[in-house]
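So that we are looking at the same thing, I have put the structure below in structure tokens.
When a residue number appears, it is its place in the shown sequence, counting from 1. As the structure is a computational prediction, the values presented were derived from the model and not from experiment.
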Amino acid sequence: LSAQPASAPKAPLIAILNAYPPEMEAMIQAFDLKGSGFSSEVVRGFRFYRGELEGRQVVVVETGMSPVNAAMALQLTLLIRANLLSDQTL
């Protein structure tokens with residue numbers, strides 16, 4: 001086994017998970033997620049908004065009202081962040 005140099009750490013990521021649709025709509029309006037440079041994509045049925053607020057990387061996800069959905073959305077967020085989820089696996 002050989003040691004590999006550690007890659008440079010990424011900037012911290014803020015992940016916001018919203019379960020309730022009116023809560024998500026309020027978040028979209030408050031942070032202008034549809035018009036302020038955030039990208040939007042659907043990954044395995046979850047809508048992800050990714051962008052930057054006040055110099056920090058932010059992901060906002062509507063999970064639906066289920067702890068299982070919240071766990072799955074968070075896992076997807078972490079996989080995307082680590083570049084372990086490619087377009088072919090979406």
Side-chain angles (χ1 to χ4, degrees):
L1 296 175
S2 64
Q4 296 292 326
S7 61
K10 292 184 179 184
L13 175 71
I14 298 171
I16 302 169
L17 307 179
N18 290 295
Y20 191 53
E23 178 181 63
M24 187 66 188
E25 281 303 315
M27 183 74 63
I28 289 169
Q29 297 299 319
F31 294 111
D32 192 24
L33 298 179
K34 291 185 177 176
S36 64
F38 271 72
S39 64
S40 172
E41 67 179 310
V42 175
V43 178
R44 301 219 176 140
F46 297 101
R47 170 134 337 255
F48 285 77
Y49 293 91
R50 292 193 277 178
E52 193 172 298
L53 284 172
E54 297 181 7
R56 297 175 187 237
Q57 294 295 312
V58 177
V59 174
V60 181
V61 187
E62 184 174 357
T63 65
M65 295 174 51
S66 162
V68 173
N69 285 355
M72 185 173 168
L74 182 57
Q75 184 67 39
L76 289 170
T77 300
L78 296 172
L79 289 171
I80 291 167
R81 176 76 168 164
N83 295 320
L84 297 175
L85 202 64
S86 67
D87 291 341
Q88 291 79 29
T89 61
L90 300 179

Checklist entry - Taking atom CD1 of Ile80 and atom CD of Gln75, what is their separation to the nearest 0.5 Å? => result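 Going from the CD1 atom of Ile80 to the CD atom of Gln75 covers 10.5 Å.
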Next on the checklist: Minimum heavy-atom separation for Val58 and Phe38, please, with both atom names.
Outcome noted: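 Scanning both residues completely, I find the closest heavy atoms to be O-CE2, 4.0 Å.
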Checklist entry - Hey, what do you get for CG (Asn69) to CG (Leu74), rounding to the nearest 0.5 Å? => result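 If we round to the nearest 0.5 Å, Asn69:CG and Leu74:CG are 12.5 Å apart.
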Checklist entry - Mind checking whether Pro21 and Glu62 have side chains closer than 4.5 Å, heavy atoms only? => result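 Yes, close enough: below the 4.5 Å cut-off.
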Item to check | Residue list, side chain to side chain contact (heavy atoms under 4.5 Å, CB included) with Met72, at least two apart or on another chain | outcome: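 In terms of side chain to side chain contact (heavy atoms under 4.5 Å, CB included), with neighbours along the sequence ignored, Met72 is linked to Arg44, Phe46, Leu76.
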Checklist entry - Which value, rounded to the nearest 0.5 Å, describes the distance between Leu17 atom CG and Met24 atom CE? => result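 Here the rounded value is 10.0 Å.
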Next on the checklist: Could you check whether any side-chain heavy atom of Lys34 comes within less than 4.5 Å of a side-chain heavy atom of Tyr49, counting everything from C-beta outward?
Outcome noted: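 Yes, close enough: below the 4.5 Å cut-off.
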Next on the checklist: Does any part of the side chain of Leu53, heavy atoms only, come nearer than 4.5 Å to the side chain of Phe31, both counted from C-beta?
Outcome noted: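 Yes; the side chains approach each other to less than 4.5 Å.
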Next on the checklist: How long is the straight-line distance from CG of Leu13 back to CZ of Arg81, given to the nearest 0.5 Å?
Outcome noted: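 Reported to 0.5 Å precision, the distance equals 4.5 Å.
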Next on the checklist: Could you list the cluster mates of Met65? Members are the ILVMFWY residues connected by side-chain heavy atoms closer than 4.5 Å, either directly or through other members.
Outcome noted: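 Grouped by the 4.5 Å side-chain rule, Tyr20 form the rest of the cluster around Met65.
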Checklist entry - If you measure from CD on Glu25 to CG on Asn18, what distance do you get to the nearest 0.5 Å? => result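 Reported to 0.5 Å precision, the distance equals 10.0 Å.
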Checklist entry - How long is the gap from CZ on Arg47 to CD1 on Ile28, to the nearest 0.5 Å? => result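 These two atoms lie 8.5 Å from each other.
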Checklist entry - Can you hop from Leu78 to Ile16 via hydrophobic side chains spaced under 4.5 Å? => result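 They do not share one cluster, since no chain of ILVMFWY contacts under 4.5 Å joins Leu78 to Ile16.
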Item to check | Heavy-atom closest pair, residues Ala73 and Val61 | outcome: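 Smallest interatomic distance, heavy atoms only, reads CB-CG1, 3.9 Å.
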